[in-house]
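In the text below, chain A, chain B and the rest are named by the order of the sequence lines, each starting its count at 1. Note that this is a predicted model, so its numbers are computed, not measured.
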Protein chains: 2
Amino acid sequence: MFEKYLKQLKEKNLKVTPQRLEILKYLDEHRTHPTVDEIYQNLKKNNPSLSKTTVYNSVETLDQYNIIQSITITGNEIRYDFNREMHHHFLCKTCGEIIDIDVTCPMQDNMLNCKHQIDEVHWYFKGICKNCLEKER
Amino acid sequence: MFEKYLKQLKEKNLKVTPQRLEILKYLDEHRTHPTVDEIYQNLKKNNPSLSKTTVYNSVETLDQYNIIQSITITGNEIRYDFNREMHHHFLCKTCGEIIDIDVTCPMQDNMLNCKHQIDEVHWYFKGICKNCLEKER
DNA sequence: TTCTTTATTTGTAATCTTTACAATTTAACA
DNA sequence: TGTTAAATTGTAAAGATTACAAATAAAGAA
């Protein structure tokens, strides 16, 4: 059940703790780009001794080791994404949902060859999602 | 001296206040993507009665009316950019500087024609800037 | 298994950014 | 000059994140 996450932690020589496994599982099963508070509130139900600081520490570590990805699209809070493969995000300013966007750009390689060392690429699009557009009519 | 900013405000039917003019001037002359606090601390020197809430309110309004642009690259705080023309940003994780990046992508039009209504496009790149790379050696 | 070391977890308090709100002031216009 | 609506101000509150020290637990050695 947790083998997949366990493997990811071991590959990076990170200690395997129940908290980290639960957080990874939650992120894997909830691809809605949750905040620390969302993760915490939900995991606390079955793990009452969980501390919010642990969630902060864990997602920071998992992000540093490229096991998960952090998303700063809203500006109000950091969100986390289990999917760390190259993909991008759309924020609906009406419903607040963050939708995955898959585009690749032929120019991107040019970018990556510029004078700076580029480790992360984030594209954020903002507007109104198609569901909210339909409701508006 | 303030004619340019005055015109931008009047075009959007926004009231012209000394605070808004000073904030616009500061952002125009400091293209370093400052935070609210940076703007506030600097303008306070010559305008001791300035309130930080005014800076928050003003940048929010200016952003809403597309006079300035907000940048959420760091996740810790919102930064503001006088230049609202299409351009992108690179965050150096070593020195913290945010550098303008000018790339356009032929795929972008495809994106803009997708099912969602896209109002804003932000590309954020993170890594180590060329200055910091040189110092590392 | 047990012991040891080191990293992680936990809870509390502190910090930092942003928002809420009501009173005061001011810009815009008649 | 007077009126009205909007902006500014200061204070307090809220929300997100970090600091820190004590307690706990994981990993590897004995």
Side-chain angles (χ1 to χ4, degrees), chain A residues 2-3 5-24 26 33-44 46-65 67-68 70-80 96 98, chain B residues 2-3 5-24 26 33-44 46-65 67-68 70-80 96 98:
Chain A
F2 288 109
E3 292 79 11
Y5 316 123
L6 202 142
K7 194 176 155 234
Q8 286 184 291
L9 292 171
K10 290 208 164 171
E11 275 172 359
K12 302 286 167 78
N13 285 314
L14 290 171
K15 284 197 177 167
V16 176
T17 68
Q19 291 85 348
R20 287 176 174 174
L21 292 173
E22 289 288 352
I23 290 166
L24 278 171
Y26 185 84
H33 320 95
T35 60
V36 161
D37 194 58
E38 284 169 60
I39 301 170
Y40 170 67
Q41 296 299 341
N42 282 288
L43 292 184
K44 205 176 51 166
N46 293 319
N47 312 268
S49 73
L50 180 68
S51 164
K52 195 183 271 194
T53 304
T54 299
V55 182
Y56 275 104
N57 290 337
S58 298
V59 292
E60 193 194 355
T61 303
L62 296 171
D63 184 25
Q64 276 172 357
Y65 283 84
I67 297 175
I68 64 174
S70 67
I71 309 288
T72 63
I73 190 168
T74 60
N76 295 320
E77 76 282 296
I78 305 178
R79 293 171 170 275
Y80 292 90
I98 297 172
Chain B
F2 287 109
E3 292 80 12
Y5 316 122
L6 202 142
K7 195 177 155 233
Q8 288 184 290
L9 292 171
K10 289 208 164 171
E11 276 172 1
K12 303 286 167 76
N13 286 313
L14 290 172
K15 285 197 175 168
V16 176
T17 67
Q19 292 85 347
R20 287 175 174 176
L21 292 173
E22 289 288 352
I23 290 166
L24 278 171
Y26 185 85
H33 320 95
T35 61
V36 161
D37 194 58
E38 283 170 59
I39 301 169
Y40 170 68
Q41 296 300 341
N42 282 287
L43 292 184
K44 206 176 50 165
N46 292 318
N47 311 269
S49 73
L50 179 67
S51 165
K52 193 182 273 194
T53 304
T54 300
V55 183
Y56 274 104
N57 290 337
S58 298
V59 293
E60 193 193 357
T61 303
L62 296 171
D63 184 25
Q64 276 173 356
Y65 284 84
I67 297 174
I68 63 175
S70 66
I71 309 289
T72 62
I73 190 167
T74 59
N76 296 320
E77 76 283 296
I78 304 177
R79 294 171 168 275
Y80 292 91
I98 296 170

So, for [X] and [Y], which heavy atoms are closest and what is the spacing to 0.1 Å?
X: A/Tyr26; Y: A/Pro34; value: CE2-CG, 4.0 Å
X: B/Ile78; Y: A/Gly75; value: CG1-O, 3.9 Å
X: B/Leu50; Y: B/Tyr40; value: O-CE1, 3.4 Å
X: A/Ser58; Y: A/Ile23; value: CB-CD1, 3.5 Å
X: B/Lys52; Y: B/Val36; value: CG-CG1, 4.1 Å
X: A/Leu14; Y: A/Arg20; value: CB-NH1, 3.9 Å

Summarise how protein sits on nucleotides 25-30 of chain D as a single string, 5' to 3': B when a protein heavy atom is under 4.0 Å from the base, S for sugar-phosphate-only contact, - for no contact.
-BS---

Check DNA chain D against residues 53-62 of chain B and give the residues with a non-hydrogen atom under 4.0 Å, in numerical order.
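Heavy-atom contacts with DNA chain D come from B/Thr53, B/Thr54, B/Asn57, B/Ser58.
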
Quiz question: by atom type and distance under 3.5 Å, do the side chains of A/Asp63 and A/Tyr80 form a donor-acceptor pair?
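Absent: no donor and acceptor within the cut-off.
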
Provide, to the nearest angstrom, the distance between the [atom1] atom belonging to [X] and the [atom2] atom belonging to [N].
X: A/Asn47; N: C/dT9; atom1: CG; atom2: C1'; value: 13 Å
X: A/Gln64; N: C/dA7; atom1: CD; atom2: P; value: 14 Å
X: A/Leu21; N: C/dT8; atom1: CG; atom2: P; value: 13 Å
X: B/Lys52; N: C/dT19; atom1: NZ; atom2: P; value: 13 Å
X: B/Leu9; N: D/dT8; atom1: CG; atom2: C1'; value: 15 Å
X: B/Tyr65; N: D/dA6; atom1: OH; atom2: C1'; value: 11 Å
X: B/Lys12; N: D/dA6; atom1: NZ; atom2: P; value: 19 Å
X: B/Arg20; N: D/dA7; atom1: CZ; atom2: C1'; value: 6 Å

Scan residues 33-43 of chain A against DNA chain C and write down, sorted by residue number, each residue with any heavy atom closer than 4.0 Å; if none is found, say none.
none

Check whether more than 12 heavy atoms from other residues, nucleotides or ligands sit under 6.0 Å from atom OH of A/Tyr65, and answer yes or no.
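At most 12 heavy atoms, drawn from other residues, nucleotides or ligands, come within 6.0 Å of this atom.
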
If you count the non-hydrogen atoms of other residues, nucleotides and ligands that lie under 6.0 Å from NZ in B/Lys10, is the total more than 12?
no

When you match B/Asn76 and B/Leu50 each to their closest nucleotide on DNA chain D, which lands nearer the 5' end?
B/Leu50

For the residue pair A/Ile68 and A/Leu24, establish whether any side-chain heavy-atom pair is separated by less than 4.5 Å.
yes

Please tell me if the side chains of A/Glu38 and A/Arg79 come closer than 4.5 Å, counting only heavy atoms from C-beta onward.
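Yes. Closest side-chain heavy atoms under 4.5 Å.
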
